[in-house]
Amino acid sequence: MRGVLRADPVWVETFTGLRMRQFEGLLRVVRERGGNGPGGGRPWALPLSERVLLVAVYYRTNLTMRQLAPLFGISSATVCRVIQRLGPLLTLEPAARPADAAERLWIVDGTLIPVRDRTVAASSRNYRFSANVQVIIDADTRLVVATARPAPGNRADAQVWRSSGLAQHCEGVTVLGDGAYFNTGLVVPHRKRQRRPLLPGEEADNAEHRRVRARVEHTFARMKNYKILRDCRQRGNGLHHAVRAVAHMHNLALAT
């Protein structure tokens with residue numbers, strides 16, 4: 001059975017949201033990380049470019065493996081093996097501490113991602129079993145700097161931040177957070193206190209804080225164009241790999 005989708009510009013741009021040169025950059029990263037080997041046993045039914053396309057299409061469309069199989073002319077079991085093999089190779093590596101850290105401004109926020117695996121999810125305020133994923137972006141470039149491992153969705157952002165290990169990536173960098181990150185060392189809005197309204201200067205600071213911090217919400221909206229982040233059926237580390245792979249593709253789409 002011959003599949004329909006091939007690693008051609010028309011299919012890549014239609015089904016992944018990436019231009020062909022951006023997809024080629026993703027393919028190059030996967031190849032450098034050992035996506036073609038070491039071999040063993042039967043050879044893959046698809047070349048590496050089409051296997052990378054399969055994973056990108058899966059993250060973008062969230063089609064089931066039974067639906068993807070005829071599109072690529074392979075079995076659903078092979079689709080599963082390709083995703084498990086290449087998914088971790090598409091992921092974004094956390095950015096190193098920048099040389100001009102003192103001049104940088106980063107933004108952190110958490111987003112709830114519905115996930116079927118109850119071991120990494122909990123019933124949360126969106127009335128679904130979800131995971132809380134913390135993401136740091138650069139305020140100027142809007143590129144994703146790092147993501148944390150998913151935590152149960154009923155945990156507060158400040159609690160997830162403290163246990164995420166992301167703080168070590170932010171040494172020397174000013175990081176903005178919303179009011180949920182109070183007492184975490186991040187730059188947060190001024191808080192109203194009982195019988196003490198905010199001063200005019202504090203109101204202005206909060207307005208500017210909201211204007212800048214909105215950029216991380218825009219990033220979440222673009223990342224969730226990859227429908228795997230709207231209803232993740234993956235188990236174990238599958239959600240973690242999916243978030244980091246989507247962040248990588250998001251960065252490629254912005255930077256190239």
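In this text the structure is predicted, and so the values were computed from the model without any measurement.
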Subject >> Chi angles and distances behind the side chain to side chain donor-acceptor pair (under 3.5 Å) call for Q134, D109 >> reply: CA-CA 6 Å; Q134 301 283 302; D109 200 4; 6.0 Å; no
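- Judged purely by atom type and a 3.5 angstrom limit, R81 has no side-chain atom pairing as donor or acceptor with the backbone of S76.
- Closest approach of A139 and V212 over heavy atoms only: CB-CG1, 4.4 Å.
- Under the 4.5 Å side-chain heavy-atom criterion for ILVMFWY residues, no single connected hydrophobic cluster contains both L166 and V133.
- Contact annotation: the side chain of V175 never approaches that of Y181 to less than 4.5 Å [non-hydrogen atoms, C-beta and beyond].
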**OP:** Let me see the working for T91 and H248 under side-chain contact (heavy atoms from CB on, under 4.5 Å), right down to the final yes or no.
**Re:** CA-CA 6 Å; T91 57; H248 189 184; over 6 Å; no
**OP:** Evaluate the criterion side-chain contact (heavy atoms from CB on, under 4.5 Å) for residue pair L5 and F15; output intermediate values, then yes/no.
**Re:** CA-CA 9 Å; L5 300 189; F15 281 88; 3.7 Å; yes
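- Counting heavy atoms from C-beta outward, W44 and V82 have side chains that approach closer than 4.5 Å.
- Under a cutoff of 6.0 Å and an axis angle of 45°, R118 and F129 form a cation-pi pair.
- Side chains of W106 and R104 form a contact here, defined as non-hydrogen atoms less than 4.5 Å apart.
- The CZ atom of R51 lies 10.0 Å from the CG atom of L54; values are rounded to the nearest 0.5 Å.
- Of the possible donor and acceptor atoms, one in the side chain of H209 sits under 3.5 Å from a partner among the backbone N and O of V187.
- Between L86 and V52 the shortest heavy-atom distance is CD1-N, 3.8 Å.
- Side-chain heavy atoms closer than 4.5 Å link hydrophobic residues (I, L, V, M, F, W, Y) into clusters, and following such links, possibly through other members, connects Y59 to M223.
- For R155 (side chain) and V160 (main-chain N/O), no donor-acceptor pair under 3.5 Å exists by modelled atom type.
- Between I83 and P88, the closest heavy-atom pair is O-CD, 4.2 Å.
- Without hydrogens or angle criteria, S124 side chain to R128 main chain gives a donor-acceptor distance under 3.5 Å.
- Under a hydrophobic-cluster definition in which Ile, Leu, Val, Met, Phe, Trp and Tyr are linked whenever side-chain heavy atoms come within less than 4.5 Å, directly or via other members, V57 and L90 are assigned to the same cluster.
- Rounding to the nearest 0.5 Å gives a distance of 11.5 Å between CG of L18 and CG of L27.
- Taken to the nearest 0.5 Å, the OG atom of S164 stands 10.5 Å off from the CG atom of D157.
- In this structure the side chain of F72 never reaches within 4.5 angstrom of the side chain of V79, judged on heavy atoms.
- Two residues are said to be in side-chain contact when any heavy atoms from C-beta on lie closer than 4.5 Å; R213 and R210 fail this criterion.
- Side chain of D8 to backbone of V10: no donor-acceptor contact under 3.5 angstrom is found.
- Under the 4.0 Å criterion applied to side-chain N and carboxylate O atoms, D231 and R116 are assigned as salt-bridge partners.
- The closest side-chain donor-acceptor pair between N237 and R149 falls under 3.5 angstrom.
- Taking 4.0 Å as the cut-off between side-chain N and carboxylate O, E50 and R6 count as a salt-bridged pair.
- By the 4.5 Å heavy-atom criterion applied to side chains, N183 and R162 are counted as neighbours.
- With hydrogens and angles ignored, the 3.5 Å screen pairs no side-chain donor or acceptor of T78 with any backbone N or O of I74.
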**OP:** Quick one: do S130 and I113 satisfy side-chain contact (heavy atoms from CB on, under 4.5 Å)? Show the steps, please.
**Re:** CA-CA 5 Å; S130 304; I113 298 177; 5.9 Å; no
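- R191 CZ to N206 CG: the interatomic distance, rounded to the nearest 0.5 Å, is 11.5 Å.
- In this structure, L71 and L63 have side chains that are in contact, with non-hydrogen atoms separated by less than 4.5 Å.
- Of the possible donor and acceptor atoms, none in the side chain of T14 sits under 3.5 Å from a partner among the backbone N and O of W11.
- Looking at I107, V145, V144, V173 one by one, the single match for side-chain contact (heavy atoms from CB on, under 4.5 Å) with D138 turns out to be V145.
- Residue-environment remark: CZ (R222) exceeds the threshold of 12 foreign heavy atoms within 6.0 Å.
- Contact of the I136 side chain with the C170 side chain is registered, since non-hydrogen atoms from C-beta on lie closer than 4.5 Å.
- No path of Ile, Leu, Val, Met, Phe, Trp and Tyr side chains, each step under 4.5 Å between heavy atoms, connects V188 with V135, placing them in separate hydrophobic clusters.
- In this structure a side-chain-to-backbone donor-acceptor pair under 3.5 Å is present from R33 to L89.
- Looking at every heavy atom in both residues, G110 comes nearest to N132 through CA-OD1, 3.9 Å.
- Under a hydrophobic clustering in which Ile, Leu, Val, Met, Phe, Trp and Tyr are joined whenever their side-chain heavy atoms come within less than 4.5 Å, directly or via other members, V108 and L105 fall into different clusters.
- Interatomic distance, N251 CG to T141 OG1, rounded to the nearest 0.5 Å: 7.5 Å.
- The main-chain N or O of V29 is never found under 3.5 Å from a side-chain atom of E32 such that the two would form a donor-acceptor pair.
- At distances below 3.5 Å, at least one donor-acceptor pair connects side-chain atoms of Q22 with backbone N or O atoms of R19.
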**OP:** Would you check, one step at a time, whether the test side-chain contact (heavy atoms from CB on, under 4.5 Å) holds for R142 with V216?
**Re:** CA-CA 8 Å; R142 308 194 186 204; V216 73; over 6 Å; no
**OP:** Go through Q234 and Y58 one step at a time and tell me if the side chain to side chain donor-acceptor pair (under 3.5 Å) criterion holds.
**Re:** CA-CA 11 Å; Q234 292 285 297; Y58 173 63; 2.9 Å; yes
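- When all heavy atoms are compared, the tightest approach of P94 to H169 is CB-CE1, 3.6 Å.
- Checked for salt-bridge contact, E208 and R211 meet the test: a charged N lies under 4.0 Å from a carboxylate O.
- Taking each heavy atom of A7 and M20 in turn, the nearest pair found is O-CE, 3.5 Å.
- Annotation: K192, atom NZ; neighbour count of heavy atoms from other residues, nucleotides and ligands within 6.0 Å does not exceed 12.
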